[in-house]
Amino acid sequence: MVSLKRLVCAAVAMLAMSVVARAEDGFPFGTEMTLEALPQAGSKRIPNIEIGDHGEVVLELWCKGGKGQFSVAGNTVIFVPGQIQDRSCPAARAQADDDLVAALSSVETWKRQGDVLTLIGPKPLRFRTTGN
């Protein structure tokens with residue numbers, strides 16, 4: 001026969017694990033993430049986003065940089081770009097940056113599995129939590 005104490009302990013442990021699992025799969029506010037992509041020719045830089053606690057975003061693209069804002073409701077997400085700094089980029093990198101901002105602006109939903117955030121739209125984008 002299982003004791004009441006063991007039953008309560010098991011229930012508390014399961015509840016704690018489900019809370020941790022939900023936190024790991026929630027939208028990654030307060031996180032820095034790197035795009036799963038190869039660097040552009042002649043550069044080692046890969047785009048990353050720093051998502052603030054309230055959805056504010058700092059973008060560092062292949063060449064350009066800027067700010068934006070994520071608005072999240074359930075699995076729906078909207079990205080609104082702010083001002084993007086030109087930084088005198090070579091044409092190919094500038095175009096890649098513009099394409100990435102356009103892809104971010106067209107995302108509709110998101111999903112997260114562990115340290116990977118997938119932004120789903122016409123062009124899915126996968127970002128991985130930047131680990132130190």
Rounded to the nearest 0.5 Å, how far does [atom2] of [Y] lie from [atom1] of [X]?
| X | Y | atom1 | atom2 | answer |
| --- | --- | --- | --- | --- |
| Gln69 | Ile51 | CD | CD1 | 10.5 Å |
| Ile120 | Asn75 | CD1 | CG | 8.0 Å |
| Thr130 | Met33 | OG1 | CE | 7.5 Å |
| Ser106 | Ile78 | OG | CD1 | 12.0 Å |

Q: Among Phe70, Phe79, Phe127, find the one that has a ring-ring contact (aromatic ring centres under 6.0 Å, His included) with Phe27.
A: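 Considering Phe70, Phe79, Phe127, a ring-ring contact (aromatic ring centres under 6.0 Å, His included) with Phe27 is found only for Phe70.
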Q) So among Arg93, Glu60, Gln40, which one has a side chain to side chain contact (heavy atoms under 4.5 Å, CB included) with Arg45? A)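 Testing each of Arg93, Glu60, Gln40 against Arg45, the sole residue satisfying side chain to side chain contact (heavy atoms under 4.5 Å, CB included) is Glu60.
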Q.
For a side chain to side chain contact (heavy atoms under 4.5 Å, CB included) check, start with the C-alpha distance between Thr34 and Arg128, then their side-chain angles and the critical distance, and finish with the verdict.
A. CA-CA 5 Å; Thr34 302; Arg128 185 171 299 276; 5.5 Å; no
Q. Who passes side-chain hydrogen bond (donor to acceptor under 3.5 Å, both in side chains) against Asp98, sequence neighbours left out?
A.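 Counting only residues at least two positions away or on another chain, Asp98 forms a side-chain hydrogen bond (donor to acceptor under 3.5 Å, both in side chains) with Lys64.
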Q: Using side-chain hydrogen bond (donor to acceptor under 3.5 Å, both in side chains) as the criterion, list what pairs up with Gln95, not counting sequence neighbours.
A: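 In terms of side-chain hydrogen bond (donor to acceptor under 3.5 Å, both in side chains), with neighbours along the sequence ignored, Gln95 is linked to Asp99.
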Nearest heavy atoms of [X] and [Y], plus distance in Å:
| X | Y | answer |
| --- | --- | --- |
| Glu36 | Val116 | OE2-CG2, 4.2 Å |
| Leu117 | Pro28 | CD2-CG, 3.8 Å |
| Ile46 | Ala37 | CD1-O, 3.4 Å |
| Pro90 | Cys63 | CD-SG, 4.2 Å |
| Leu35 | Trp62 | CD2-CH2, 4.0 Å |
| Asp97 | Cys89 | OD2-SG, 4.4 Å |

Q: With side chain to side chain contact (heavy atoms under 4.5 Å, CB included) as the test, would you mind laying out the steps for Leu59 and Leu104 before giving the verdict?
A: CA-CA 11 Å; Leu59 299 165; Leu104 281 167; 3.9 Å; yes
Q) According to a 4.5 Å side-chain heavy-atom criterion applied to Ile, Leu, Val, Met, Phe, Trp and Tyr, with indirect links allowed, do Val58 and Leu125 form part of one hydrophobic cluster? A)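 Result: no, two separate clusters.
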**Q.** Single-linkage hydrophobic cluster, 4.5 Å side-chain cutoff, Phe29 and Leu119 together
**A.**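 Phe29 and Leu119: one cluster.
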